[in-house]
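Take this structure first; my questions come after.
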Amino acid sequence: MSSLKIYNSAVREKEVFESIVPGHVGLYVCGPTVSGESHLGHARPYITFDVVYRYLTYLGYKVRYVRNITDAGHFEEEGREAEDKISKKAVLEMLEPMELVQKYTNLFHWAMDRFNTIPPSIEPTATGHIVEQIGMIEAIIAAGYAYEINGSVYFDVKKYAATHDYGKLSGRILEDLLNTTRELEGQEEKRNREDFALWKAAPPEHIMRWKSPWGEGFPGWHIECSAMATKYLGARFDIHGGGMDLQFPHHESEIAQSTICNGTAPVRYWMHNNMITINGRKMGKSYNNVVKLTELFSGDHPLLEKAYSPMTVRFFILQTQYRSTLDFSNEALLAAEKGLKRLMDAYAWLQETPRMPEAARVPAGGVETADASVARLLSELPDFMNDDFNTAKVLANMFELVPVINGIKDKSPDAALMSEETFESMRSTLKLYVEDILGLLPDGSGEGEKLKGVMQVLIGLRQQARANKDWVTSDAIRNQLAAQGILLKDEKDGAMSWTLA
RNA sequence: GGUAUCGUGGCCGAGUGGCUAGGCACAGCUCUGCAAAAGCUGCUACAGCGGUUCGAAUCCGCUCGAUACCUCCA
């Protein structure tokens with residue numbers, strides 16, 4: 001079997017994965033900023049790294065998965081007037097930042113649960129680690145790589161770059177940054193334009209504020225990840241993940257801070273997922289093209305023709321290699337929905353069929369025509385996962401198994417013949433990859449025991465009607481069920497199956 | 001302007017030198033009371049131009065086009 005290779009953004013090539021501490025993996029993923037609702041674009045990293053987490057766990061590693069919640073900084077609820085922040089209204093009417101944080105954190109957890117992502121081992125919040133962040137900033141100042149001005153603290157990029165490779169991760173050259181940095185407000189007090197904030201003094205109207213050696217203020221964006229990653233994973237850990245748009249400046253700055261503070265580069269393998277685009281454009285607030293997850297699940301958005309289930313979205317994302325851009329459209333999502341249904345229908349039947357049906361059994365002296373190809377398709381799955389988590393190829397192989405499974409199910413005369421061992425191997429391997437590694441769940445929601453019982457009654461009535469060639473009754477049952485969103489199918493041997501539409 | 005990535009059939013997308021990706025859509029056939037599903041078959045592409053090579057979607061160069069980042073961003 002092949003060994004796991006990961007594309008390391010820092011060196012721009014695939015490297016064989018070796019954990020720093022044998023048997024253990026430290027995984028850090030930049031989490032959401034909970035000042036607003038998560039959108040489809042946010043779903044990608046969390047689903048991508050959920051699969052990474054699942055696969056590493058399957059490989060036998062004890063993984064500590066840390067994903068932060070960014071709940072400090074500038075906060076403003078969408079649509080809410082900024083003046084609220086400084087109004088002299090009663091406390092209850094004023095914007096309470098933690099109320100927003102709680103609301104959007106809950107919503108985020110709800111969406112992650114629907115996507116069937118496994119919760120991280122630790123989900124630290126920025127506000128819960130102010131002490132650690134202040135400690136880290138003090139260490140950086142003590143080392144001489146940061147300076148305080150007017151209650152704010154900035155990282156001295158120029159000094160750092162003199163002896164370290166600032167820009168290595170993002171492929172940037174410091175001089176270029178000097179010339180191309182945008183004009184922003186509040187930049188005057190920095191020594192150099194490329195310096196970034198470790199701590200910002202809070203203006204009087206700023207509600208989120210903490211005491212620090214430099215006065216009241218709040219931490220810079222980059223320091224929180226460095227502080228929390230260091231605290232829970234150590235000065236040097238295995239994998240750091242996040243969206244490509246975070247590569248610069250966020251991750252570059254993380255490297256600089258942690259390197260000065262801890263005396264070592266923090267991360268062994270950097271992984272960056274690509275963006276989700278709409279009509280070729282990145283999904284983002286500034287482009288005004290975001291589809292929120294709640295809108296996606298409800299279908300309530302001008303760009304959406306219908307609602308799409310969380311599993312459809314998960315499948316849609318996994319059908320693409322995580323380093324490629326993924327273009328969103330109704331057509332693409334619809335295709336994903338249909339494809340997933342086909343895969344999961346075959347999969348569900350296979351899981352309900354513990355023993356190889358007679359019809360597919362190889363007759364005495366017969367040839368196991370399907371054994372070799374099925375075995376090959378199955379044996380390639382770990383190779384694909386080991387090749388930088390190529391879930392697209394894993395799914396492609398699974399789709400090649402679908403006709404094999406359906407052939408057995410339909411007892412078609414030219415059904416693929418295979419040995420009992422191959423059948424069992426197919427069953428257990430698919431369960432492992434579909435459910436445990438890719439995290440795709442059969443859409444069994446709503447199929448309560450009572451509904452199953454009721455369906456059995458209706459199926460019985462319809463079978464009777466069909467036996468009597470009473471097509472009127474037969475069709476009435478099927479059509480009325482369809483109107484209720486239940487699709488009834490006649491199988492080859494007179495049996496019937498049903499699915500919720 | 002700087003840096004980087006990408007351009008694959010109607011659509012989405014895998015693929016770093018030779019072998020069918022896969023899904024969806026579409027067409028035909030089989031099965032079927034009808035339907036749906038399923039099975040089989042077909043549709044077979046790599047932006048353009050040069051180069052390297054026995055051989056290139058894959059390597060190199062140029063051109064055209066697109067996107068991302070350049071301190072809000074998954």
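Letters go in sequence order (proteins before strands), and every chain restarts at 1. From a predicted model like this one, the values you see are computed outputs, not experimental measurements.
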**Request:** With heavy atoms under 4.0 Å as the rule, sort A/Arg466 into base, sugar-phosphate or nothing.
**Result:**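 Result for A/Arg466 = base.
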**Item:** Separation of A/Glu123 CD from A/Met228 CE (nearest 0.5 Å)
**Value:**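 Interatomic distance, A/Met228 CE to A/Glu123 CD, rounded to 0.5 Å: 10.5 Å.
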**Paired nucleotide for B/G7 [Watson-Crick or G-U wobble; both distances under 3.5 Å]** =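 By the stated definition (distances under 3.5 Å), B/C64 pairs with B/G7.
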**Request:** Pick base, sugar-phosphate or nothing for A/Leu334, based on heavy-atom distances below 4.0 Å to the nucleic acid.
**Result:** nothing
**Asked** At under 4.0 Å between heavy atoms, what does A/Asn397 touch on the DNA or RNA strands: base, sugar-phosphate, or nothing?
**Response** nothing
**Asked** Salt bridge or not for A/Arg191 and A/Asp195, using N-O below 4.0 Å?
**Response** no
**Request:** Could you check whether A/Tyr46 and the base of B/A74 form a stacked pair, meaning centres closer than 5.5 Å and planes differing by less than 30°?
**Result:**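 No; centroid distance or tilt outside limits.
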**Asked** At what distance, to the nearest 0.5 angstrom, does CG of A/Leu377 lie from CG of A/Asn397?
**Response**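 Those atoms lie 4.5 Å apart.
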**Message:** Counting the atoms with a prime plus P, OP1 and OP2 as sugar-phosphate, which does A/Lys469 contact under 4.0 Å by heavy atoms, base, sugar-phosphate, or nothing?
**Reply:** nothing
**Request:** Look through every strand shown and name the nucleotide pairing with B/C26 as Watson-Crick or G-U wobble, where both distances are under 3.5 Å.
**Result:**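 B/G42 is the nucleotide pairing with B/C26.
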**Message:** So, does A/Ser324 get its side chain near the phosphate of B/A14, meaning an N or O under 4.0 Å from OP1 or OP2?
**Reply:** yes
**Request:** Would you tell me if any nitrogen or oxygen in the side chain of A/Asn406 comes within less than 4.0 Å of OP1 or OP2 on B/G39?
**Result:** yes
**Asked** Within less than 4.0 Å of OP1 or OP2 of B/U5, is there a side-chain N or O belonging to A/Tyr7?
**Response**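 Checking A/Tyr7 against B/U5: no side-chain N or O falls below 4.0 Å of OP1 or OP2.
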**Asked** Which is true for A/Gly242 with a 4.0 Å heavy-atom rule: it touches a base, it touches only sugar-phosphate, or it touches nothing?
**Response** sugar-phosphate
**Message:** Under 4.0 Å, counting only non-hydrogen atoms across every strand here, what does A/Met283 touch: a base, just sugar-phosphate, or nothing?
**Reply:**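 Answer is base: heavy atoms of A/Met283 come under 4.0 Å of a base.
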**Request:** Look at all strands and tell whether A/His39 reaches a base, only sugar-phosphate, or nothing, counting heavy atoms closer than 4.0 Å.
**Result:**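 Base, at least one base atom sits under 4.0 Å.
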**Complete:** Applying the 3.5 Å cut-off to both distances, the Watson-Crick or G-U partner of B/A57 turns out to be none
**Request:** Have a look at A/Lys393 and say if it touches a base, only the backbone sugar-phosphate, or nothing, with a 4.0 Å heavy-atom cut-off.
**Result:**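 Sugar-phosphate contact only.
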**Request:** Report yes if a side-chain nitrogen or oxygen of A/Lys338 is closer than 4.0 Å to either non-bridging phosphate oxygen (OP1 or OP2) of B/A25; otherwise report no.
**Result:**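 For B/A25, OP1 or OP2 has a side-chain N or O of A/Lys338 closer than 4.0 Å.
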**Prompt:** Under 6.0 Å from the six-membered ring centre of A/Tyr145 and within 45° of its axis: does the NZ or CZ of A/Lys159 meet both?
**Reply:**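 So A/Lys159 does make the cation-pi contact.
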**Asked** If you look at every strand shown and take non-hydrogen atoms under 4.0 Å, does A/Phe315 touch a base, only sugar-phosphate, or nothing?
**Response** nothing
**Request:** Take atom P in B/C34 and the same atom in B/C46, then report the distance between them in whole Å.
**Result:**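 About 43 Å, rounded to a whole number of Å.
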**Prompt:** Is A/Ser253 touching bases, backbone alone, or none of the nucleic acid, heavy atoms closer than 4.0 Å?
**Reply:**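 Contact class for A/Ser253: none.
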**Asked** Has A/Arg114 got its NZ or CZ under 6.0 Å from the middle of the six-membered ring of A/Phe297, at an angle within 45 degrees of the ring axis?
**Response**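 Here A/Arg114 passes the 6.0 Å and 45° test against A/Phe297.
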